[in-house]
Engineer: 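My questions will all concern the structure given below.
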Protein chains: 2
Amino acid sequence: MGIQLPTIKQIAKQLNVSASAVSRALADHPRIGLGTKERVKKLAEELGYEPNAQAIFFKQKKTHIIGVVLPFIREEFFSQAISGIETVALDHNYTILFGQSYDEVEKEKNVVETMKKQRVDGLIISLSKNTNNYEHLEAFNKYKIPVVYFDRVPELTDTNKVQTDLFKGTVDIVNWLSTNGCRRIALINGPEKMAASADRLKGYMQGILKQKRKIDMQLVEATDFSKERTYAAMNSLLALKNPPDAVISFNDYVHMDAVQYAKQKKIKINKDILFASYANLPITDYTSHPPRVSLEQYPFMQGEKAMQMMIEILNQNKTDNDSKINSKNEIIPTTVVTR
Amino acid sequence: MGIQLPTIKQIAKQLNVSASAVSRALADHPRIGLGTKERVKKLAEELGYEPNAQAIFFKQKKTHIIGVVLPFIREEFFSQAISGIETVALDHNYTILFGQSYDEVEKEKNVVETMKKQRVDGLIISLSKNTNNYEHLEAFNKYKIPVVYFDRVPELTDTNKVQTDLFKGTVDIVNWLSTNGCRRIALINGPEKMAASADRLKGYMQGILKQKRKIDMQLVEATDFSKERTYAAMNSLLALKNPPDAVISFNDYVHMDAVQYAKQKKIKINKDILFASYANLPITDYTSHPPRVSLEQYPFMQGEKAMQMMIEILNQNKTDNDSKINSKNEIIPTTVVTR
DNA sequence: TCATTTTGTGCAACCGGTTGATCAATTCAC
DNA sequence: GTGAATTGATCAACCGGTTGCACAAAATGA
C-alpha cells in the first residue's frame, strides 16, 4: 500500500549489483553475464518493474509527448482528427497531450505555452478562428520543436501543413449544383481572417466564373459560427429580391443552423433551396436535413497524416543535424458526396 | 535556429553566479541580494526562460499530468466530459494525457499501461463497455496513483467515482411516460456487464412496479451499441403481439438508431411510440426526431467533478501520510427534459 | 575590539535511468 | 609463462532544476 513504483536501484540493491548492470541486463547488453541477466529479468518481472518514461526522456531531452491543440473537441470533425493522430502516435510510442482553444486566441496561447513548459516533442494544431498572429507558435521554431498545422492552417509558407484542397472542392460543389439546375448559389463563409474561408471564396468565385455567370457578392455571407450570425446570414439571403436556389455552408454545423432557420421560414429544404456543406460528418445522417451535397474532408486521415508528418520530422531531426527549416505541405483530395 | 530552450545554467554562466542562486532569485528567495535578483530576472526575461516542467516534476516525483481514458471521444457526451476535466485541470496547473479505449478492453489496458509508464499523477477513466476485470487499474492503487472513475464506473466499493443517479433518473422517466399515457414501456439497455445497464434496469423495474403494473421482460432488450444490434432490438420489440407504446434507449446514439429503424417500419415517432433517452446531447436538437423525454446527465459537470475529486485526493495525499484508501463517491442528480 | 548575527552566495546531493571509461578477473595465443 | 584479448561488472557523469548545509563577508551588539 502506497509503495512507489519499482526502480532500477531497488532491483540493484536486492541483487547486490550496480544500477548500471541492471540497466544493461534489461537492455540485453552483450557484456552482461547470462546468470545476472536472468536474475535481473526475473526480479524485474516479479516486481512489475516498468521503466520511468519521464526519467529516460528527461535524460534524452525527449518526452515522447506530442501536444495537440484543437478549437473544439466536441465537433465530430476534430474528434475524428484526434483519433487519427492518436492511432499513429500509439504505433510510434508517442502520447498525446490534449488542449482546446475554444476558438479563442488567448486560450490558444495559454495552452500552447503550457505545452512548451511540458517540453512536448512536437505540436499539432488546428488554429482558432481568430488566430492571425503566429508569434506564440513561431517560438517553437526557434527551439526546433516541430509544429504541424492541419485543416485550419496559417498563411505562412515555411511551415508544415496538412490540409484539404478546399479550392478545388468548392469548385466541384459549385459545378455539381450548377449541373443540377442551380443558378443563384449562395455561400455562408467563415470568418474572413481564416485561410479556410479565403480558399472557399476563391473556389466559389472560380466555380461561378467557370459557369460563365457573374459573381454577385450579395450571395456571399459570413458567420462567426454562432447560431445568431448564421441565422442573420440566412435572413439576409432569404430577404434578397432574388433569393438563392442553393446555399453552401462553411461546415456541417453552420449548415444545421442555416437549415434550422430556413425551416422556420417555411423553406422546403433541398427542394426550394439545395443545401451544400463541408465535412460530411457521420452525425449528419441522423439530422433532419442532411446537406444534399457535402465535401468529405477525411478528418481521421488528416489526423493520421499530420502525425505521420510529425514522426518523419522528428526522425529526420534526429539524424540530420542541419537546422534546415521544414516545410512539408500535404494536400488531401476531397470528395463530393451526394444524398 | 535550433537553439535549445534556455536553462538555469545558461543564465548562471552568463551572469557568473551559481545555478542555485539563479533558481532562488527566480523564486524570490529572501536570502538573495536585490541586485542579483534583478539581473537574473532581467536576463531570464530576455532569453524567454521558462522552467522545464519535466525536470521539476521529475525531481518532485510529480508530473502534473493526469491521464484521461474514454471509450469514444467522438461521442458528444465524452467530449463534453473531457472539456469539464480540462477546464478544472488548467485552473490547477495540470495537463491532460489523452487516450481512447474504443470500447475494447485490450486497448484500454494498453493505453492505461502507457500512462503508467509516463507516470501520470492520476487517472480519470470511463470504462469500456466490456471491462469487468479491473486488474490493470488496481495496479494503480498499489502505487498510490489515484484513479477516479466517472459515468461508466466499476462495481467496486473502495474506489473513487463520479456518476449520475441513473436509478432514480430511470424511475423518473418511467413515471413521466406513465403519466403521459404509456402502458407498455420498453427498454433498450446496454451490455449486461455494465453497471450503468444494471442501474437502468433496476430503475426501470422499480418504475413499473410503482405504477402497480407487472414487469414484462419481453419489453427489455439489449444492444452492444452497434447499429445492427439496436435494429435487432427494435425489430423484436415491434414484432411483439403487444408492441410497446414507449421505448427508452440506453443513450442518444442508441436512440437515433432505434428511431431510424422504427421510421423504416412506418412507425410515427413520438406519436405511435414515445421515445425516451439518456444524455440530452445538444446534437439531438438537430436530429430529425429528438427523444420526447431525455435524462440530462451533465457530462461537463461530471468531468469537472471528477477532476475536482482528483485534485482533492492529490492534495490530501500530499499532506496526510496515511495510506488510507480513498473511496469518494459523488452522485450527480439528473433532470428529466421534455421536448 | 571581538563575538555574534545577518546576508549573500556557492557546493553538492538528489530524482531514475543511460552510457563511456575503467578495472579486475578470466581466457586465450604463442 | 607472459602479454593480449575477452568477459563481466562497477564508477561516475549527466540531464535541469531544487534545497539543506557550509562558508565568507558584512553588519550588528556589547
Side-chain angles (χ1 to χ4, degrees), chain A residues 3-41 43-44 47-65 93 116-121 143 145 318, chain B residues 3-41 43-44 47-65 93 116-121 143 145 318:
Chain A
I3 302 161
Q4 72 164 0
L5 281 154
T7 68
I8 270 195
K9 288 180 189 174
Q10 285 173 25
I11 297 178
K13 198 180 287 173
Q14 285 195 42
L15 295 179
N16 262 322
V17 291
S18 70
S20 41
V22 174
S23 173
R24 289 191 166 105
L26 291 169
D28 257 326
H29 193 283
R31 297 279 288 271
I32 297 294
L34 271 157
T36 315
K37 271 186 194 173
E38 264 177 39
R39 284 184 302 139
V40 167
K41 285 181 181 175
L43 184 58
L47 295 176
Y49 169 78
E50 281 171 19
N52 183 331
Q54 297 278 329
I56 298 170
F57 300 149
F58 173 47
K59 158 107 177 151
Q60 294 176 344
K61 295 191 169 200
K62 291 274 166 254
T63 54
H64 271 223
I65 296 176
N93 266 311
K116 187 139 63 74
K117 282 191 192 142
Q118 283 282 357
R119 300 293 196 267
V120 293
D121 285 350
Y143 303 121
I145 303 171
K318 212 167 15 182
Chain B
I3 301 160
Q4 73 164 0
L5 283 154
T7 67
I8 270 195
K9 288 180 191 176
Q10 287 174 24
I11 298 178
K13 197 180 289 175
Q14 284 196 41
L15 294 179
N16 262 324
V17 291
S18 71
S20 43
V22 175
S23 173
R24 289 188 168 106
L26 291 169
D28 256 327
H29 192 283
R31 297 278 288 273
I32 297 294
L34 272 157
T36 313
K37 272 187 194 172
E38 265 178 38
R39 284 184 301 137
V40 167
K41 285 182 181 173
L43 183 57
L47 294 177
Y49 169 79
E50 282 171 18
N52 183 331
Q54 297 278 328
I56 298 169
F57 299 149
F58 173 49
K59 159 110 177 149
Q60 291 173 197
K61 294 190 170 201
K62 291 271 165 255
T63 55
H64 272 224
I65 296 176
N93 266 310
K116 188 139 62 75
K117 284 193 191 140
Q118 283 282 358
R119 301 293 196 269
V120 294
D121 284 351
Y143 303 120
I145 303 172
K318 211 165 21 183

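Protein chains get the first letters and strands the later ones, always in sequence-line order, with residue 1 at the start of each. As the structure is a computational prediction, the values presented were derived from the model and not from experiment.
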Engineer: Would Gln54(A) and Lys117(B) count as a side-chain hydrogen bond (donor to acceptor under 3.5 Å, both in side chains) here? Give the steps.
Structural biologist: CA-CA 8 Å; Gln54(A) 297 278 329; Lys117(B) 284 193 191 140; over 6 Å; no
Engineer: Rounded to whole Å, how long is the line connecting atom CD1 of Ile56(A) with atom C1' of dC14(D)?
Structural biologist: 15 Å
Engineer: Whole Å only: how far is the NZ atom of Lys59(A) from the P atom of dG20(C)?
Structural biologist: 9 Å
Engineer: Please verify the inter-ring angle class for Phe58(B) with Phe58(A); under 30° counts as parallel, over 60° as perpendicular, anything in between as tilted.
Structural biologist: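 The arrangement is tilted - the two ring planes meet at 30° to 60°.
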Engineer: Without decimals, in angstroms, what is the distance between Asn52(A) CG and dC14(C) P?
Structural biologist: 18 Å
Engineer: Look at the side-chain N and O atoms of Tyr49(B) and state whether any lies under 4.0 Å from the OP1 or OP2 oxygen of dG17(D).
Structural biologist: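 Yes, Tyr49(B) has a side-chain N/O under 4.0 Å of OP1/OP2 on dG17(D).
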Engineer: To the nearest Å, how far apart are Gln60(A) CD and dG16(C) C1'?
Structural biologist: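 In whole Å, dG16(C) C1' lies 12 Å from Gln60(A) CD.
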Engineer: Please check this pair: side chain of Lys37(A) against backbone of His29(A), looking for a donor-acceptor N/O pair closer than 3.5 Å.
Structural biologist: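 Here the side-chain-to-backbone pair exists.
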Engineer: Any sub-3.5 Å donor-acceptor pair from His64(B)'s side-chain atoms to Asn93(B)'s backbone N or O?
Structural biologist: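 Yes: the side chain of His64(B) pairs with the backbone of Asn93(B).
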Engineer: Once hydrogens and angles are ignored, does a donor-acceptor distance under 3.5 Å link the base of dC15(D) to the side chain of Lys61(A)?
Structural biologist: no
Engineer: Between Asp121(A) and Thr63(A) (side chain of the first, backbone of the second, donor and acceptor by atom type, cut-off under 3.5 Å), is there such a pair?
Structural biologist: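 A pair under 3.5 Å: yes.
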Engineer: Tell me: NE2 of His64(B) to P of dG17(D), nearest whole Å?
Structural biologist: 16 Å
Engineer: Identify, between Arg119(B) and Pro30(B), the residue whose nearest nucleotide on DNA chain C lies closer to the 5' end.
Structural biologist: Pro30(B)
Engineer: Would you say the side chain of Thr36(B) lies within less than 4.5 Å of the side chain of Val22(B), judging by non-hydrogen atoms?
Structural biologist: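 They are not in side-chain contact.
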Engineer: Starting from P on dG17(D), measure out to CG on Leu47(B) and report it in whole angstrom.
Structural biologist: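 So the two atoms are 12 Å apart, to the nearest Å.
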Engineer: Is any side-chain heavy atom of Arg119(A) closer than 4.5 Å to one of Asn52(B)?
Structural biologist: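 The answer is yes, as the side chains (C-beta and beyond) meet within the 4.5 Å cut-off.
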Engineer: Can you tell me if the side-chain N/O atoms of Gln4(B) get under 4.0 Å from OP1 or OP2 in dG16(D)?
Structural biologist: yes
Engineer: Nearest-Å distance, NZ (Lys62(A)) to C1' (dT18(C))?
Structural biologist: 16 Å
Engineer: Identify all pairs in which a protein N or O lies below 3.5 Å from an N or O of nucleotides 9-11 of chain D, and state each distance.
Structural biologist:
{"unit_1": "dA9(D)", "atom_1": "OP1", "unit_2": "Thr36(A)", "atom_2": "OG1", "d": "2.5"}
{"unit_1": "dA9(D)", "atom_1": "OP2", "unit_2": "Gly33(A)", "atom_2": "N", "d": "2.6"}
{"unit_1": "dA9(D)", "atom_1": "OP2", "unit_2": "Thr36(A)", "atom_2": "OG1", "d": "3.0"}
{"unit_1": "dT10(D)", "atom_1": "OP1", "unit_2": "Ser18(A)", "atom_2": "N", "d": "3.3"}
{"unit_1": "dT10(D)", "atom_1": "OP2", "unit_2": "Ser18(A)", "atom_2": "N", "d": "2.9"}
{"unit_1": "dT10(D)", "atom_1": "OP2", "unit_2": "Ser18(A)", "atom_2": "OG", "d": "2.7"}
{"unit_1": "dT10(D)", "atom_1": "O4", "unit_2": "Arg24(A)", "atom_2": "NH1", "d": "2.9"}
{"unit_1": "dC11(D)", "atom_1": "N4", "unit_2": "Ser20(A)", "atom_2": "OG", "d": "2.9"}

Engineer: Write down the distance between CZ (Phe57(B)) and C1' (dG17(C)), rounded to a whole number of angstrom.
Structural biologist: 20 Å
